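A quick write-up on the structure given underneath.
Here the structure is a predicted model, which is why all the values come from computation and not from measurement. The basis for the numbers below is simple: all heavy atoms, side chains too, and nothing from hydrogens, waters or symmetry mates. Every chain is numbered from 1 and lettered A, B, ... according to where its sequence line falls, protein lines coming before strand lines.
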2 protein chains.
Amino acid sequence: MIGALLSIPSFDLSARVHHRLHSRGFREITDSNSTVMKLLGPEGDRITELANKAGVTKQSMGYLVERLEAASYVERVADPRDGRAVVIRRTKKGWAYNRAAAEEVAKLQEEWTQLLGPAKMKELKSLLAELVAKLGHHYEGSYLEAVTRPPGQRRGSQARS
Amino acid sequence: MIGALLSIPSFDLSARVHHRLHSRGFREITDSNSTVMKLLGPEGDRITELANKAGVTKQSMGYLVERLEAASYVERVADPRDGRAVVIRRTKKGWAYNRAAAEEVAKLQEEWTQLLGPAKMKELKSLLAELVAKLGHHYEGSYLEAVTRPPGQRRGSQARS
DNA sequence: CAGTATAGACAGACGCTCTTACTATTCGGA
DNA sequence: TCCGAATAGTAAGAGCGTCTGTCTATACTG
């Protein structure tokens with residue numbers, strides 16, 4: 001049952017990360033909110049862009065952004081290039097959340113590497129990457145690679161893989 | 001990003017299966033409903049058992065079962081051994097749904113095998129199975145193996161893997 | 001038989017999603 | 001330049017699925 005073999009570790013990972021981030025004080029973040037925080041680009045995005053990335057309507061994304069704004073993870077900035085548009089950007093707290101999430105994912109991945117051994121772990125990731133590529137998904141970097149730094153800073157060693 | 005590498009194919013698979021089943025006429029089944037149909041044992045289960053398997057409250061499971069009953073996928077039968085309890089069992093339509101779901105999953109899995117090649121596919125499943133085992137999950141057979149036959153019938157060749 | 005535990009239902013709340021409808025702004029062609 | 005079409009976003013209302021708290025009926029146990 002390939003479905004369960006994929007969904008069990010996938011669920012396990014996100015549940016554990018969510019739990020650890022909750023313990024670290026990021027209490028307001030729900031599953032849907034965390035998706036927005038993953039998808040939000042380093043320079044911010046418009047509601048419509050976020051809605052497209054997440055595959056939901058503008059209205060649904062508006063609701064999520066409203067919640068994230070109320071909890072001070074993001075802020076709305078008027079787009080100077082378009083009077084209709086609003087740019088959603090991470091606040092300091094939003095960046096702290098993303099860094100913490102990347103840390104916890106890295107820790108969990110290390111635990112999995114200990115369970116399987118480095119060779120098998122590498123092989124597993126390689127096979128999954130090939131499968132994802134052949135399934136034709138073309139996600140922007142923001143989804144396959146964690147966003148942990150504001151624009152203008154060099155992309156350093158971590159947050160890779 | 002191991003999370004995305006797992007969640008993308010996992011989501012892809014369930015979205016496609018859901019879409020195909022919808023096309024085949026099983027229109028009332030939502031994601032939560034499909035989870036119940038996966039978890040429900042061949043001889044039926046009580047609300048409380050289902051709630052435990054799914055990791056939700058009795059009340060939430062009661063709601064889902066109510067919907068499935070209204071759409072004729074399951075029926076409620078008084079439990080002769082316990083006057084408080086009710087056994088939830090698949091109807092004919094419920095069995096048809098499970099068989100159709102197993103068929104579609106098998107087709108998709110075949111497509112993936114064509115994409116990766118049989119050797120890599122086998123290796124991927126083996127690695128995932130090892131990971132799931134080492135993560136300490138002990139799901140009942142009903143979750144890792146599709147339920148497609150009423151009790152009393154021999155478990156035949158398909159629905160395996 | 002009395003007290004406790006269990007199975008399930010009821011009520012209310014909230015999170016997230018959708019559809020329909022609307023306003024404000026921008027763009028593009030005559 | 002200006003008018004119509006497209007786009008960004010908001011508003012209102014509905015439905016699903018989840019939770020907590022509360023309740024009844026039945027079963028188990030000392």
Can you check whether B/Thr48 has a side-chain N or O nearer than 4.0 Å to OP1 or OP2 of C/dT6?
no
Comparing A/Asp82 and B/Gly62 on DNA chain C - which has the more 5′ nearest nucleotide
B/Gly62
Measure from CD on A/Glu69 to C1' on D/dT10 and round the result to the nearest Å.
13 Å
Looking only at heavy atoms, which two atoms of A/Thr148 and A/Arg99 are closest? And how far apart?
O-CG, 3.6 Å
Using a strict 4.0 Å threshold on nitrogen-to-oxygen distance, state whether A/Lys107 and A/Glu110 make a salt bridge.
no
Walk me through it: do B/Thr30 and B/Asn33 pass the test side-chain hydrogen bond (donor to acceptor under 3.5 Å, both in side chains)?
CA-CA 5 Å; B/Thr30 64; B/Asn33 286 339; 3.3 Å; yes
For DNA chain D, the residues among residues 17-26 of chain A that have a non-hydrogen atom under 4.0 Å from it
none
Distance in angstrom units between B/Leu50 CG and C/dA7 C1', rounded
13 Å
Parallel, tilted or perpendicular: which describes the rings of B/Tyr73 and B/Tyr97, with under 30° parallel and over 60° perpendicular?
perpendicular
Considering all heavy atoms, the nearest B/Pro9-A/Leu6 contact:
CB-CD1, 4.0 Å
A/Asp45 atom CG is separated from D/dG9 atom C1', nearest whole Å, by 15 Å
Quick one: does any side-chain atom of A/Arg90 pair with a main-chain N or O of A/Ala96 as donor and acceptor, under 3.5 Å?
no
Counting neighbours of CZ on A/Arg27 that are heavy atoms of other residues, nucleotides or ligands and sit closer than 6.0 Å, is the number greater than 12?
yes
Rounded distance in Å - CZ (A/Arg46) to C1' (D/dT10)
16 Å
Expected string for nucleotides 14-24 of chain C under the B/S/- scheme (protein heavy atoms, under 4.0 Å, primed atoms plus P, OP1, OP2 as sugar-phosphate) is -SBBBBBB--B
For A/Arg81 and B/Arg76, find the nucleotide of DNA chain C closest to each by heavy atoms; which residue's nucleotide sits nearer the 5' end?
B/Arg76
Thinking salt bridges, do B/Lys93 and B/Glu28 make one under a 4.0 Å N-O criterion?
yes
